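Below, each value reflects all heavy atoms present in this structure, side chains not excepted, and no hydrogens, waters or symmetry copies. Fair warning: this is a prediction, and the values are worked out from it, not measured in the lab.
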Amino acid sequence: MAGKTISAIGVKQILYGDELSTAPSYATLETAFTDFKEVPNVHQGTYEYTEEDGTITEYKDELTGQTYRSTFEPGSQSLNWTIGAYDFQTKADFMGGAVLETDKGWSRGNAGEQRYKCVVAVTNDDVAIIFPKANIIGRGASTDGAVGISITATPLKVSTSIASEYWFDATGKNLKGA
């Protein structure tokens, strides 16, 4: 029997926190992310899920011109969005650096600083997309006359027992952060 038909439309909630050390499950959706922070704002029209096309390399037999084997390298996935209104702690969470004087300022960290977080995006039709460990790239970006924080979250392999990406039907589930 087929489950719920989904389209994964838009986004209504994004949570982030420490990378996961165990695989998420349908049963743990409401409790696994209670220590996570919630993204305060997603600027209009900036949220997207992307998956690049993969690359096929064909090897031909020079005698016949026929392909006799090929290799396939899958494309990368990512969640992308821009935060349009934020505090200095959120800026540091996604761009690195440090919060200054109890959230009175921010200073940039070292170039190339790596940040890894678990990211959970819940779509408008209640699909929870989970990257248990994501490489987070945050940068300042112009958004309609303001400076937002543009985020790219790319899933990474955690272990042989935890997949790099999960999708769950979260209908009726209340995912909440701290």
Count I, L, V, M, F, W, Y as connected when their side-chain heavy atoms are under 4.5 Å apart, and connections chain through other members. Are [X] and [Y] then in the same cluster?
X	Y	answer
L79	I149	yes
I6	F131	yes
V127	F168	no

Inset, instruction - Measure up the W167 and Y49 rings against each other and bin them: parallel (under 30°), tilted (30 to 60°), perpendicular (over 60°). - result: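 Ring orientation of W167 relative to Y49: perpendicular.
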
Considering only heavy atoms from C-beta outward, does the side chain of [X] approach that of [Y] to under 4.5 Å?
X	Y	answer
S150	W81	no
K91	I83	no
K173	Y26	yes
Y116	L156	yes
L29	I130	yes

Inset, instruction - Mind running side chain to side chain contact (heavy atoms under 4.5 Å, CB included) on I14 and V42 for me, showing each step along the way? - result: CA-CA 9 Å; I14 299 175; V42 175; 3.9 Å; yes

Legend entry - Test item: T64 side-chain N/O and Q66 main-chain N/O as donor-acceptor pair under 3.5 Å: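 Side chain of T64 to backbone of Q66: a pair is present.
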
Inset, instruction - Output yes when a side-chain donor or acceptor of D61 lies under 3.5 Å from a complementary backbone atom of Y68, and no otherwise. - result: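 Between the backbone of Y68 and the side chain of D61 there is no qualifying donor-acceptor contact (under 3.5 Å).
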
Inset, instruction - List for me each residue that meets side chain to side chain donor-acceptor pair (under 3.5 Å) alongside S78, sequence neighbours excluded, and say none if there are none. - result: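 With sequence neighbours excluded, S78 shows a side chain to side chain donor-acceptor pair (under 3.5 Å) to T50, N80, given in chain and number order.
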
Legend entry - Stacked cation flag K117 on F36, 6.0 angstrom / 45 deg: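 Ring-cation test returns no.
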
Inset, instruction - Report yes or no: is the cationic atom of K37 (NZ for Lys, CZ for Arg) under 6.0 Å from the centre of the six-membered ring of Y16, at an angle within 45° of the ring normal? - result: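 No; the conditions do not both hold, so K37 does not lie above the ring face of Y16.
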
When you compare the side chains of [X] and [Y], does any donor N or O come within less than 3.5 Å of an acceptor on the partner?
X	Y	result
Y86	N41	no
T28	T31	no
T123	K12	no
K60	T67	yes
D87	T90	yes

Rounded to the nearest 0.5 Å, how far apart are [atom1] of [X] and [atom2] of [Y]?
X	Y	atom1	atom2	result
N174	E30	CG	CD	6.0 Å
T152	I136	OG1	CD1	9.0 Å
L20	S159	CG	OG	10.5 Å
S76	E52	OG	CD	5.0 Å
D125	T171	CG	OG1	8.0 Å

Inset, instruction - Any chance you could lay out the side chain to side chain contact (heavy atoms under 4.5 Å, CB included) test for Q13 and L15, step after step, and finish with the verdict? - result: CA-CA 7 Å; Q13 182 182 36; L15 301 169; 3.9 Å; yes

Inset, instruction - May I have all residue pairs that pass side chain to side chain donor-acceptor pair (under 3.5 Å) and include part of residues 135-149, sequence neighbours excluded? - result: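 Checked against side chain to side chain donor-acceptor pair (under 3.5 Å) - neighbours excluded - the pairs reaching residues 135-149 are H43-D144.
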
Inset, instruction - Mind running side chain to side chain contact (heavy atoms under 4.5 Å, CB included) on I151 and V39 for me, showing each step along the way? - result: CA-CA 11 Å; I151 313 295; V39 169; over 6 Å; no

Please tabulate, one pair per line, all N/O donor-acceptor pairs under 3.5 Å involving side-chain atoms of residues 94-109, not counting sequence neighbours.
residue	atom	partner	partner atom	Å
D103	OD1	F88	N	3.3
D103	OD1	Q89	N	3.4
W106	NE1	G96	O	2.9

Legend entry - Criterion side chain to side chain contact (heavy atoms under 4.5 Å, CB included) on S25 and Y166, from CA distance to verdict: CA-CA 9 Å; S25 69; Y166 292 86; over 6 Å; no

Inset, instruction - Could you tell me whether D18 atom CG has more than 12 heavy atoms of other residues or ligands within 6.0 Å of it? - result: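 At most 12 heavy atoms, drawn from other residues, nucleotides or ligands, come within 6.0 Å of this atom.
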
Inset, instruction - Before giving the answer on side-chain hydrogen bond (donor to acceptor under 3.5 Å, both in side chains), spell out for K133 and S164 the whole-Å C-alpha distance, their side-chain angles and the decisive distance to 0.1 Å. - result: CA-CA 7 Å; K133 179 182 182 181; S164 62; over 6 Å; no

Legend entry - Shortest non-hydrogen contact between E165 and P132, atoms and distance: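 Closest heavy-atom pair between E165 and P132: N-CD, 4.2 Å.
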
Inset, instruction - Measure across V11 and A121 and return the closest heavy-atom pair with its distance rounded to 0.1 Å. - result: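 For V11 and A121, the tightest heavy-atom pair comes out as CG2-CB, 4.4 Å.
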
